[in-house]
Amino acid sequence: MIKSSQIRRTFLDYFKSKGHEIVPSSPIVVKDDPTLLFTNAGMNQFKDNFLGIKPPKAPRLADTQKCLRVSGKHNDLEVVGRDTYHHTMFEMLGNWSFGNYYKKEAIEWAWDLLVNEYKIDPGKIYVTIFGGDEELGLGVDEEARTEWKKWIAEDRILEFDRKDNFWEMGDVGPCGPCSEIHVDIRTEEEKAQQPGHELVNMDHPQVIEIWNLVFMEFNHQSDGSLVGLPSKNVDTGMGFERLAMVLQDKSSNYDTDVFSPYIQFLEKTTGHTYGNKEETDIAIRVISDHVRAVGFAIADGQLPSSNAAGYVIRRILRRASRYGFTFLGQTAPFIYKLVPVWAEAYRDIFPEILSQVDFIQTTIHQEETSFLRTLARGTQLFDDYVREHKAADKTVDGAFAFKLFDTYGFPVDLTELMAEEKGWTVDLAGFDAKMEEQRNRSRGASEVKAGDWVEVMAMDGLPVFTGYDTTEGSTHIARHRTSSTAKGQIYQVVLDQTPFYAESGGQIGDTGTLTKGDTVIKVLDTRKENDLIVHFVDRLPEDASGEWLAEVDAERRRRIRANHSATHLLHAALRQVLGDHVEQRGSYVGAESLRFDFSHPAKMTAAEIAEVETIVNTKISAGIPLKEHRNIPIADAKSMGAMALFGEKYGETVRVIVFDQEYSIELCGGIHVPNTSEIRLFKLTSESSSAAGIRRIEATTSDQALDLLNGQVQVLDEISALLKNPKDPRKAVQDLMEKHKQLEKELAQLQSKMVGGMKEELLGKAETINGVQLLASVVEVPNPGELKNLAFELLKALKSGVVVLGAGFGEKANLNVAVSKDLTGQFNAGQIIRTIAKEIQGGGGGQPHFAQAGGKNPAGLPAAIAKAKELMG
Ligand code: SER
C-alpha cells in the first residue's frame, strides 16, 4: 500500500518536474485579510497575485496547503464525521499558473499524474466542466471540453452549472469556471446497478470529487459583475485525504493511514471498537478530524477564545468533546492525549508544530476541563427544567434550548438527545427563530458591505512603504473605496507610497493627515489588507488626483516606537530571567502602553518582576544603537539567532531588528527607536494570566512611565503632607493604623460599659401592670445591634416580663419588643410592634417573643412607648 507521505511527495515532485517552484503552506490562520478568518483554499495566499496587486514569486508554483473549512462561504463543519469524506482541516495539494500555462497544460498534467503516476484506472474517472450561466453572461466551457476529449471519452465529460463548476473564494474576489475530477470507487456490482455518471455531484461517499481545476480569470465585484483579471491563471486543488483513500483502495478517508493512528489510539483509550456501531463511529471520526484542526490552529497562533476566529476553534473542540462525552463515555479530558499522535504524523511536512506539543496539549486540556464543567452545569439546568415544566406535550421550549446553546455551549442536537432520553422533544422551530434573531443582531452590528476599489491612478506593483525612514512625504492616491456598515460609511485610500505604518505584528496603525492645498483629510487608522496598505480616512476628497502630502502624527509614532523597542528588550529579559521556554504568544504595541503575552507555567514572583524591570532599564540607559537588517535571506536571519514566531508568514527575505548582538535579535517588521536611550524608562504595570500556560505583562515607557511614577510620587507626597511630613511615612501610616485599631477597641469597651450602666438605671424603671413586669423606655444607644442586645439583657434580668425599647438613629427610629417565653401566650411581640410602629411611621414584625420595627419618625418614639404601656393595661 502506498503511504500517504509518498502520495504527497509524488505530487510535489511531479509539478517540480514541470517547472513549478515548491512553496511552503501559508499559516492556517489568516491575519491580514478582512474577508477571511482561516485559509480555506490553497489559492488564498496567492489572492493578490491573481488580482495583479503583487507579482507572484514565480509563474508556476505548487504546494500542499493546510486548509480549514469551518466558516464563511466554505463551511463543512456540520457534516464532518457524519460522512466519511469531509473534513474541517484538510490538506490541499495545488499547482498554480500566473498568466503562464492555461487549460491545455492544467488538464493534461492532471490526467498524466492521476493515470500514469498514481495509476488510477481511467475507467473510474469522470470529469465535469462549467455549463455556462446566463446571469454571469458566460457560455459552456468548450475549451475545457476540447482539452479533456484528448484524454477521456466524451460521455465521461459532464456539464454542471454555476453552483458546482464556478469557483469563488468568497462573495467578492478572484473566481472562474472550473473543471472537476471525480472518481467512482464503488464495487463492480454497484456500478452495474447504477452508472457512475448519475452519481457525480450527488453526495455519494464513493463517487467523489478529488481535484478541482479552476481557471481563474475574473474578479467578482460587489455589485455582482465580473471584471477580467489582468491575466488568465490556473488554480488547482486536490484533496489529499481523498486521494489517499483512492490510492490506498479504501472506501472512507478515515480508513487511510492519515487517520488510522488516531482511530487506533481512541479505540485503545476509550475501549470502543471502530466499525461496530454508527454513533460511536461518528464520534471517533469527529474527534480524529477535529484534533487536527484545533492543533494546527493553535500552532499557527489562534487559541480557542470567545471572539470571532477563537470561537470557531472553541466550537470545533467542544463538538469533539461533546461527541466523546455522549457516545464514548469520556467524562474527563482526553482529546489532548491525541496531540502527540497528531504531531508525529506531520513531523516531516509541517515541522513547526513539534516544539509546540506541550503548549497545545495544555491549552486543549484546559478547554476540555472547562467545557466539561459547562456540560455538567447545563445538564443540571436541563434536568431542573424538565422537573419544573410539567408541559402536557413534553416539549422543551425553543428559547430554553437556545439559552443552553448560547450560554452553555450546548449544540441543539445534544439538547434533543437529552430530551429524547426523557421522552421529551425540542421545539426546533422556536430554537431556529432565536438563532436567526441573534444572527441578525450580530450581522447588523458588525457586517461591512465592502465597496469596490475605484482606481485613481494605475500603480506599478505594490505601494511603497517609506515609514522606516520618515514620517512624511509626497504621495498620490492610487485608489479609494467606500464601504458601509450599520454605523455609517467607511472611507479608505491606498497611496502609491506612504509613511503610514499599517497595524501588524502587534503594533497599531499610524494616524495623521493627507493634505493638498487647503484640503486636509484625517487618517484615522492604517491597516493591511493582504499586502495593500489601507488608510482609513474621515472622508474622501472631491478630487483625489494630484500630489498629496502625507504626514504621520509623529509624536504618537514616537511613543509607539518606544513601546515597540521596549517589547523586544522585555522579551529578551524574560528569556534571561525565566528561561528559554519563554515564547511570544501575542503582543500589543500601542501609543499609551504595551502588552506582551508569553508562555510560562507560573505566576512571576516579585523578585523576577523586579529583575526583568531592572534588566530592561539597564539596556535603556546603556544607549544601545539599533541595528536594522532590512532585507536579508531568512536563512541568514536564523543563523544570526533571530527567533521566528509561529503562525507568522515570512517571505524569502526578512527584516531583523538587533539591539546588541548578544542581547536581542528578532524578526520584525515594526518601527523602532534609533537608540534604546530614547525609551528613557520602562515601568511594568501588571503581570497576570492570559490563558492556560500564558502570562501577560503590561507596561509603559517614556513619558507615560514618567507620568505614572510622578503621579504615584505625588500621591505619596500628599499623604506625607497629611501626616505632617514624617521621616518614615510608611512607619507613620503603620502607627496610625495601630492607633486606630486601639481606639476602636477602647470605644467598644466604653460603649458596652455605658450600656451596662444604662441597664441598671433602666431596670429601676420597670413597672408592674396587672401582675406583669413591663419595662418601656426610649434609650440612647450607638446602633440597632446594641438596642437588640440591651432588650435581651433587660429581659434576662427581669426573668419574666415584657421589654419595649425605642431609639433614634439620626433620621431613623427603631423599636424592639421582647416577651419572656412564659408570657408569649398572653402577649405577642409581633402584634405589639405592628401597633406601636405606626407612631414612628414604620412597620416591622417578628416572632411572638421578639419583634423589631424601623421607621422614619424618631419624634414619635415617646408616643410609641406610651402606646405600648396602654396595650398592657
Ligand atoms: N480554489 C479551488 C478550491 O479550493 C482549487 O484549488 O477548490
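Small disclaimer: the values here were computed from a predicted structure and weren't measured. Ligands are counted one by one from 1 in listed order, and the atoms in each one are counted from 1 as well.
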> Do other residues, nucleotides or ligands put more than 12 heavy atoms under 6.0 Å from the CD atom of E198?
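Above 12, so yes.
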> Contact between L113 and F15 at the side-chain level, heavy atoms closer than 4.5 Å - yes or no?
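Sidechains of F15 and L113: in contact.
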> Checking F215 against W167 for the ring-ring contact (aromatic ring centres under 6.0 Å, His included) test, could you report, in this order, the C-alpha distance in whole Å, the side-chain angles of both residues, the deciding distance, and whether it holds?
CA-CA 9 Å; F215 308 117; W167 200 86; over 10 Å; no
> Report each N/O pair between ligand 1 and the protein that falls under 3.5 Å, naming both atoms.
residue	atom	partner	partner atom	Å
ligand 1	1 (N)	D235	OD2	2.6
ligand 1	4 (O)	R69	NH2	3.0
ligand 1	6 (O)	D235	OD1	2.7
ligand 1	6 (O)	T236	O	3.3
ligand 1	6 (O)	G237	N	3.1
ligand 1	7 (O)	W167	NE1	3.3
ligand 1	7 (O)	N212	ND2	3.2

> Hey, what do you get for CG (L158) to CD1 (I129), rounding to the nearest 0.5 Å?
9.0 Å
> Just one of F350, F296, Y262 clears the ring pair (Phe, Tyr, Trp, His ring centres under 6.0 Å) bar with W342, so which one?
F296
> Check whether any side-chain heavy atom of E529 sits under 4.5 Å from a side-chain heavy atom of R481, and report yes or no.
yes
